[in-house]
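Have a look at the structure below before the remarks.
Sequential numbering from 1 along the given sequence is applied to the chain's residues. Atom set for the values below is all heavy atoms of this structure, side chains included, hydrogens, waters and symmetry mates excluded.
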Amino acid sequence: MQIDHPVRIGNDGRTAATTLEDHIRDMIEQVLFTTPGERVNRPSFGSGLLQMVFAPNSDVQATTLQSTIPAAIQQWLGDVVQIQNVEVTNVEATLDVTVRYVIRQTQQPQVAVFSRSI
């Protein structure tokens, strides 16, 4: 079992645990929504996605993110997951990121969808 994110106390009074699949999804979410420079000892950690949330929503923005997001995930989680595809769509004030990946340890394909509104 893995420690759940965000860290919390479970029903049994101990640190909450989660499955490997959920833990990896949590790690991808951390890479996506951490701004580079936010972590003191890892200043390049993150994808810059949050900076783009406040930029004008456009197809150019979505295309840019489709190349920067896989690179960030590969850099920080390349030993854990193999990225298959990243789709970024923008509908009015909402940015949706769909990440298709394979967990290297189990070879299980996964799909995670992340949404943020502007």
Side-chain angles (χ1 to χ4, degrees):
M1 295 300 276
Q2 307 288 327
I3 294 176
D4 198 9
H5 179 79
V7 176
R8 61 185 172 79
I9 302 300
N11 294 334
D12 60 358
R14 304 177 90 179
T15 303
T18 189
T19 63
L20 175 66
E21 293 81 8
D22 188 52
H23 180 67
I24 291 173
R25 184 192 184 288
D26 291 345
M27 289 192 303
I28 292 172
E29 185 173 20
Q30 288 176 50
V31 171
L32 290 178
F33 297 111
T34 299
T35 302
E38 189 175 323
R39 292 197 177 178
V40 175
N41 292 326
R42 295 198 187 260
S44 62
F45 182 85
S47 70
L49 177 64
L50 285 180
Q51 295 166 333
M52 299 300 273
V53 168
F54 297 106
N57 204 355
S58 68
D59 291 335
V60 173
Q61 175 189 9
T63 302
T64 300
L65 290 172
Q66 281 184 230
S67 63
T68 59
I69 289 172
I73 295 171
Q74 179 63 36
Q75 177 182 0
W76 296 105
L77 302 175
D79 59 331
V80 178
V81 297
Q82 178 182 354
I83 299 298
Q84 300 293 307
N85 186 25
V86 173
E87 296 173 25
V88 179
T89 57
N90 54 342
V91 179
E92 296 184 15
T94 302
L95 189 66
D96 295 321
V97 179
T98 303
V99 181
R100 297 178 194 283
Y101 59 96
V102 174
I103 298 173
R104 291 190 187 274
Q105 182 178 347
T106 62
Q107 293 302 306
Q108 288 183 317
Q110 302 286 317
V111 177
V113 179
F114 306 93
S115 263
R116 287 294 186 264
S117 294
I118 298 175

Audit row: Q30, R39, side-chain contact (heavy atoms from CB on, under 4.5 Å) steps and yes/no: CA-CA 11 Å; Q30 288 176 50; R39 292 197 177 178; 3.2 Å; yes
Steps toward side-chain contact (heavy atoms from CB on, under 4.5 Å) verdict (I3, H23): CA-CA 7 Å; I3 294 176; H23 180 67; 5.6 Å; no
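- For the pair E29 and R25, the salt-bridge criterion is met [side-chain N within less than 4.0 Å of a carboxylate O].
- Residues H5 and M27 have side chains not in contact (no heavy-atom distance under 4.5 Å, counting atoms from C-beta outward).
- In this structure, E38 places its CD atom where more than 12 heavy-atom neighbours from other residues, nucleotides or ligands lie under 6.0 Å away.
- Judged purely by atom type and a 3.5 angstrom limit, S47 uses its side chain to pair as donor or acceptor with the backbone of L32.
- Between I83 and P70, the shortest heavy-atom contact is CG2-CB, 4.3 Å.
- When all heavy atoms of W76 and S44 are compared, the closest pair comes out as CZ2-OG, 3.4 Å.
- The environment of CZ in R104 is crowded: more than 12 heavy-atom neighbours from other residues, nucleotides or ligands sit within 6.0 Å.
- Under the side chain to side chain contact (heavy atoms under 4.5 Å, CB included) rule, F114 has a single partner from I28, I69, V88, which is I28.
- Nearest approach of T15 to V7, heavy atoms of both residues: CG2-CG1, 4.3 Å.
- Looking at L77 and Y101, their side chains never come closer than 4.5 Å, going by heavy atoms from C-beta outward.
- Separating the CD atom in Q105 from the CD1 atom in I24 is a distance of 7.0 Å, to the nearest 0.5 Å.
- Note on L20 and I73: same hydrophobic cluster, where clusters join Ile, Leu, Val, Met, Phe, Trp and Tyr whose side-chain heavy atoms are under 4.5 Å apart, directly or indirectly.
- Atoms OG1 and CD, from T106 and E21 in turn, are 6.0 Å apart once rounded to the nearest 0.5 Å.
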